[in-house]
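Note sheet for the following structure.
Below, chain A is the first sequence line, B the second, and so on; all start at residue 1. As the structure is a computational prediction, the values presented were derived from the model and not from experiment.
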Number of protein chains: 2
Amino acid sequence: MAFRASAIRANRAIVYTQTGDPSQVLSALTYKPLPAPPAKTVNLRFLLAPINPADVNVIQGVYPAKPSLTELAENHSVFIGGNEGLAEITQVGSDVSGLTTGDWVVMTKAQAGTWASSRNVGSQDVLKLPRANGLTEVHGATMTVNPPTAYNMLNDFVKLEKDEWVVQNGANSAVGQAVIQIAASRGLRTLNLVRNRPDLADLTNKLKALGGTEVLTYDDLTDRTLTSTIIKDWTAGKGIRLGLNCVSGKDTTSMARLLGEDAYMVSYGAMSKEPLSLPTSLFIFKNLTTAGFWQSRWYKRHTREDKENLMKTLVDLVAQGKLKEPEYEIHSISSRDSDEVAGEKIRDTMARISRGQYGKKVLLKFDDAQ
Amino acid sequence: MAFRASAIRANRAIVYTQTGDPSQVLSALTYKPLPAPPAKTVNLRFLLAPINPADVNVIQGVYPAKPSLTELAENHSVFIGGNEGLAEITQVGSDVSGLTTGDWVVMTKAQAGTWASSRNVGSQDVLKLPRANGLTEVHGATMTVNPPTAYNMLNDFVKLEKDEWVVQNGANSAVGQAVIQIAASRGLRTLNLVRNRPDLADLTNKLKALGGTEVLTYDDLTDRTLTSTIIKDWTAGKGIRLGLNCVSGKDTTSMARLLGEDAYMVSYGAMSKEPLSLPTSLFIFKNLTTAGFWQSRWYKRHTREDKENLMKTLVDLVAQGKLKEPEYEIHSISSRDSDEVAGEKIRDTMARISRGQYGKKVLLKFDDAQ
């Protein structure tokens with residue numbers, strides 16, 4: 001009988017020593033097995049870790065949250081990529097309560113460095129993810145950024161009642177799809193805006209299958225009857241009180257005009273790379289408020305209990321079949337590859353991501369070294 | 001002994017029958033003395049009524065608040081200009097409590113039509129202005145729009161503590177000057193932004209004499225040390241948490257960069273006629289919120305008691321010498337002029353206002369007809 005893989009596995013991480021273009025600066029680094037965890041810490045084995053758009057910005061050095069240097073190999077300090085991920089606890093240090101070997105955990109500390117096969121982390125920096133029927137590794141690995149962004153934006157700004165409408169752009173994004181599902185689970189209706197495209201009917205069907213009420217393109221926003229008649233009909237004259245923005249630029253100016261009196265527009269991204277530009281009259285005369293949402297700030301400013309409740313709520317939605325896995329592809333880091341080859345492969349994946357060649361969430365998976 | 005003027009005075013109002021350029025569509029109209037006031041109404045004599053920038057937009061037909069047609073002369077329905085003004089009660093109808101002949105009142109109903117020598121109005125549409133030492137007709141006539149806008153913007157969005165900073169543009173506007181004084185009365189510091197101009201030193205001295213802490217020009221905003229060092233020093237690292245905007249456009253984008261974490265930017269005007277355009281990152285990563293303020297909405301959504309308290313607070317500030325009269329000029333409408341001549345004169349004044357030839361508040365005064 002062979003040794004258990006985990007006992008002899010070589011560790012590897014995706015790292016960088018200076019910020020820059022991820023398709024240039026990233027490399028793979030093999031490091032020694034972790035020692036037994038010190039008090040108040042746990043050793044983790046990462047099961048899956050996503051490459052989120054913000055990770056690219058962190059590596060570029062243009063993101064406000066910065067990682068810290070980690071001495072992964074002796075006298076070799078590096079930044080480890082990755083902010084989000086699902087890990088399994090492999091060993092628990094002394095003075096740790098509520099965590100056991102085999103538990104699934106997610107990170108509540110920003111920029112924890114999740115693109116690694118194993119890590120030692122403070123027990124306060126992870127949160128146990130309750131297991132539930134239907135909760136997959138993919139769910140777990142993508143549970144701390146996109147679904148909570150969607151959930152909190154739907155909750156923290158406007159008290160929406162059943163049957164009320166929410167309008168969002170970038171509706172096909174990971175957050176957008178979570179918004180559709182979480183809104184539907186609360187009986188809210190969504191007006192989902194996407195770019196025009198050849199396969200629009202397919203996308204419309206997909207978003208409606210998730211629970212989206214209506215799907216329109218940014219081009220449709222030029223239709224004046226949309227604000228004057230159609231939305232009034234849909235909302236029985238009440239107007240839409242919540243808009244969610246991850247695009248900015250002129251299409252978002254048009255989206256803002258769809259909002260009714262006393263509405264909030266909450267921004268969580270700016271895919272157009274244009275500013276958010278709005279007629280001042282919307283603020284003064286329609287009482288529009290625009291705010292921003294950043295899940296990292298939410299974690300910083302909320303208690304551990306709040307975070308546990310949030311995870312429980314989302315896992316419950318998964319268990320009820322109301323929150324599906326995002327579409328994904330797995331980038332495996334094979335134990336048969338040398339660091340050099342593994343590094344080349346990840347740099348190539350990052351180049352393809354930055355050229356927009358993935359429509360799906362890319363998840364890193366470190367194969368066992370055997 | 002002559003009759004008292006008020007008994008035989010001919011009434012006159014500045015009116016229009018269709019919206020358009022005020023220097024074209026306005027005219028003067030003489031009308032009969034008011035009959036005795038019906039129940040629940042009062043007859044008023046206007047003492048002074050300002051021409052506010054918004055009045056111009058109302059006459060142009062581009063303002064969201066619309067006046068109603070009034071049958072001032074028989075079979076001759078007109079719109080009467082003016083939203084704000086100080087009036088004296090000349091006669092009280094039955095079933096009116098708390099109002100007496102001789103009381104000073106201000107309007108709480110929007111677009112009441114204050115550019116008239118006398119009007120009959122519902123007793124619920126006016127508010128008695130408490131008399132106080134030092135409270136002049138000019139104070140009274142300008143008490144319901146600019147000072148409350150300043151007061152409420154300083155109160156309703158961010159709980160500011162003594163010595164905290166507020167930044168505002170258009171600091172030399174009537175609201176801007178009220179902001180300076182009301183902020184100073186609360187021990188708040190103001191960073192006041194104005195356009196560069198030949199007499200900048202004079203303006204700076206004037207705004208500092210009102211209680212302004214610092215005065216800078218929009219050109220100064222290009223100085224990178226302003227955000228990186230100077231404001232950090234001034235605010236002891238806390239940052240500025242409230243910005244007030246009546247300009248919009250690119251200078252306001254620069255102003256927004258002066259704000260610290262969790263700040264509000266409140267817009268009440270857009271003198272540049274440009275949109276408010278902000279990097280989405282300010283919303284997401286600095287938790288900026290942008291909102292609007294419109295005093296007309298405040299009146300609509302607050303109780304009579306709230307309104308009375310607001311007026312009492314502002315009158316108290318006047319009595320304490322903490323809220324000065326705005327600079328003003330009086331446009332007298334002489335009883336010796338025919339309607340034709342009076343109409344020409346007001347159209348000429350409106351043309352000069354729209355060319356920006358008044359730096360001061362213009363107040364309409366109807367001379368007694370004797």
Side-chain angles (χ1 to χ4, degrees), chain A residues 53-54 57-58 62-66 110 149 153 156-157 169-170 175 243-250 252-254 256-257 261-298 300-301, chain B residues 53-54 57-58 62-66 110 149 153 156-157 169-170 175 243-250 252-254 256-257 261-298 300-301:
Chain A
N57 301 133
V58 171
V62 298
Y63 200 70
K66 311 282 180 196
T149 297
M153 290 194 302
D156 291 0
F157 297 92
N169 57 27
V175 171
L244 306 177
N245 166 43
C246 66
V247 175
S248 290
K250 71 175 171 44
T252 306
T253 308
S254 305
R257 295 187 198 279
E261 189 99 354
D262 303 323
Y264 263 77
M265 183 148 80
V266 182
S267 295
Y268 65 97
M271 290 195 291
S272 70
K273 300 200 170 127
E274 298 288 323
L276 181 60
S277 185
L278 298 169
T280 317
S281 57
L282 291 184
F283 296 103
I284 302 176
F285 302 125
K286 287 183 83 178
N287 206 25
L288 173 68
T289 303
T290 58
F293 185 80
W294 191 23
Q295 185 59 35
S296 298
R297 185 173 50 244
W298 191 96
K300 232 186 217 169
R301 294 188 177 178
Chain B
N57 302 133
V58 171
V62 299
Y63 200 72
K66 310 284 181 195
T149 297
M153 289 194 303
D156 291 359
F157 298 93
N169 57 25
V175 171
L244 306 178
N245 166 44
C246 65
V247 175
S248 291
K250 73 177 170 39
T252 307
T253 307
S254 306
R257 294 186 199 281
E261 189 100 353
D262 303 324
Y264 262 79
M265 182 147 81
V266 182
S267 296
Y268 66 96
M271 292 197 288
S272 71
K273 301 202 169 127
E274 298 288 324
L276 181 62
S277 184
L278 298 169
T280 317
S281 56
L282 292 184
F283 295 104
I284 302 175
F285 301 124
K286 288 184 81 178
N287 206 24
L288 172 67
T289 303
T290 58
F293 185 81
W294 190 23
Q295 185 59 36
S296 298
R297 186 174 49 243
W298 192 97
K300 231 186 217 167
R301 294 187 178 178

Can you tell me which of A/Arg301, A/Glu274, A/Lys273 forms the most heavy-atom pairs within a distance under 4.5 Å of chain B? A/Arg301
Could you state the interatomic distance from CG (B/Asn169) to OG1 (B/Thr252), rounded to the nearest 0.5 Å? 4.5 Å
Picking from B/Ser267, B/Ala270, B/Pro64, which has the most non-hydrogen pairs under 4.5 angstrom with chain A? B/Pro64
Interatomic distance, B/Phe157 atom CZ to B/Leu244 atom CG [nearest 0.5 angstrom]: 9.0 Å
Calculate, to the nearest 0.5 Å, the distance between atoms CG and OG1 belonging to B/Leu288 and B/Thr290 respectively. 6.0 Å
Could you tell me whether A/Lys66 atom NZ has more than 12 heavy atoms of other residues or ligands within 6.0 Å of it? yes
Name the member of B/Thr289, B/Ile284, B/Thr253, B/Thr280 that forms the most heavy-atom pairs with chain A at distances under 4.5 Å. B/Ile284
Region of A/Pro279 that comes under 4.5 Å of a non-hydrogen atom in chain B: backbone
Given heavy-atom pairs under 4.5 angstrom as the criterion, report whether the side chain, backbone, both or neither of A/Phe285 touches chain B. both
Contact class of B/Gln295 relative to chain A, heavy atoms under 4.5 angstrom: neither
Interface moiety of B/Asn57 toward chain A, non-hydrogen atoms closer than 4.5 Å: neither
If we ignore hydrogens and angles and just use 3.5 Å, is the side chain of B/Ser272 paired with the main-chain N or O of B/Val247 as donor and acceptor? yes
For the pair A/Trp294 and A/Tyr63, name the ring-plane relationship: parallel under 30°, tilted 30 to 60°, perpendicular over 60°. perpendicular
